[in-house]
Amino acid sequence: MIQGFKQTAPLNEYERGTLLPLIIRGLRTKVGAASVISGSEIVRKMRECGYKLDGPRLRKIINHIRTSDIIPGLVSNAQGYFVATTATEIDECIVSLQGRVDATQAIIRALQRQRQIKF
């Protein structure tokens, strides 16, 4: 559990049995950067069809899809999600994700320094 934050729960039965197959089916059609779809657009479309979904749960479902190799090459950029058609698209996503990791590590180092100085 991350202290101070509500832990994102694992996929529940509704997400696994109902939402996951629909999201997989939809994302498989988003081949190439020109077909990108934003997370907010996915949530909006799902809600319009009567499904219960929000941004954090969508990200959890996407994380499951990616880490389970359900849609190989599912990447994201500033515009949203799509299935990569080139190694460069995958590399760009990796660089972006690594940048987030590096930024988080920089914050951790700064807070550790500040803790030593201030307290």
Side-chain angles (χ1 to χ4, degrees):
M1 174 72 71
I2 301 172
Q3 203 150 17
F5 290 89
K6 181 180 171 189
Q7 179 102 6
T8 305
L11 296 185
N12 61 38
E13 192 172 315
Y14 175 69
E15 292 161 342
R16 272 191 320 275
T18 301
L19 299 179
L20 179 62
L22 294 171
I23 292 169
I24 290 169
R25 188 175 326 136
L27 287 173
R28 282 193 170 137
T29 70
K30 304 304 176 203
V31 178
S35 297
V36 68
I37 185 166
S38 70
S40 59
E41 182 74 3
I42 295 169
V43 169
R44 185 186 64 74
K45 287 182 176 192
M46 294 293 287
R47 286 182 176 173
E48 284 176 0
C49 292
Y51 296 102
K52 184 180 174 190
L53 181 65
D54 61 18
R57 297 315 297 168
L58 173 64
R59 289 187 293 277
K60 186 68 176 182
I61 291 167
I62 299 242
N63 181 60
H64 174 78
I65 292 168
R66 288 170 148 179
T67 59
S68 300
D69 302 323
I70 294 170
I71 303 177
L74 180 60
V75 297
S76 56
N77 63 20
Q79 288 74 48
Y81 302 99
F82 65 96
V83 180
T85 57
T86 67
T88 300
E89 290 171 336
I90 293 174
D91 292 342
E92 288 170 353
C93 185
I94 291 169
V95 167
S96 174
L97 292 169
Q98 187 61 58
R100 290 183 194 184
V101 170
D102 294 346
T104 300
Q105 289 175 333
I107 293 166
I108 290 169
R109 287 189 300 275
L111 288 171
Q112 288 170 333
R113 272 193 320 274
Q114 294 161 18
R115 186 174 188 277
Q116 294 300 316
I117 295 168
K118 198 158 182 138
F119 300 99

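For reference, positions follow the sequence shown, starting with 1.
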| field | Listed once per pair and sorted, the salt bridge (charged side-chain N to carboxylate O under 4.0 Å, His left out) pairs that draw on residues 10-27, sequence neighbours left out | value |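 Found Glu15-Arg57.
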| said: Enumerate the salt bridge (charged side-chain N to carboxylate O under 4.0 Å, His left out) contacts for residues 76-87, please, sequence neighbours excluded, ordered by first and then second residue. | reply: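 Non-adjacent pairs meeting salt bridge (charged side-chain N to carboxylate O under 4.0 Å, His left out): zero.
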Result block: side-chain N/O donor-acceptor pairs under 3.5 angstrom for residues 96-108, not counting sequence neighbours:
from, atom 1, to, atom 2, distance (Å)
Gln98, NE2, Asp102, OD1, 2.9
Thr104, OG1, Arg100, O, 3.0

Contacts of [X] that satisfy side chain to side chain donor-acceptor pair (under 3.5 Å) - sequence neighbours left out:
X: Thr18; value: none
X: Ser38; value: Ser40
X: Thr86; value: none

| field | Residues forming a salt bridge (charged side-chain N to carboxylate O under 4.0 Å, His left out) with Lys45, sequence neighbours excluded | value |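 Counting only residues at least two positions away or on another chain, Lys45 forms a salt bridge (charged side-chain N to carboxylate O under 4.0 Å, His left out) with Glu41.
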| Partners meeting side chain to side chain contact (heavy atoms under 4.5 Å, CB included) with Val75 (sequence neighbours left out) |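 Counting only residues at least two positions away or on another chain, Val75 forms a side chain to side chain contact (heavy atoms under 4.5 Å, CB included) with Phe82, Ala84, Ile90, Cys93.
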| message | According to side chain to side chain contact (heavy atoms under 4.5 Å, CB included), who are the partners of Ala110, at least two apart in sequence or on a separate chain? | response |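 With sequence neighbours excluded, Ala110 shows a side chain to side chain contact (heavy atoms under 4.5 Å, CB included) to Arg113, Gln114, given in chain and number order.
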| Connected-component partners of Ile42 among ILVMFWY, side-chain separation under 4.5 Å |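 Ile42 shares its hydrophobic cluster with Leu11, Tyr14, Leu19, Leu20, Leu22, Ile23, Ile24, Leu27, Val31, Ile37, Val43, Met46, Tyr51, Leu53, Leu58, Ile61, Ile62, Ile65, Ile70, Ile71, Leu74, Tyr81, Val83.
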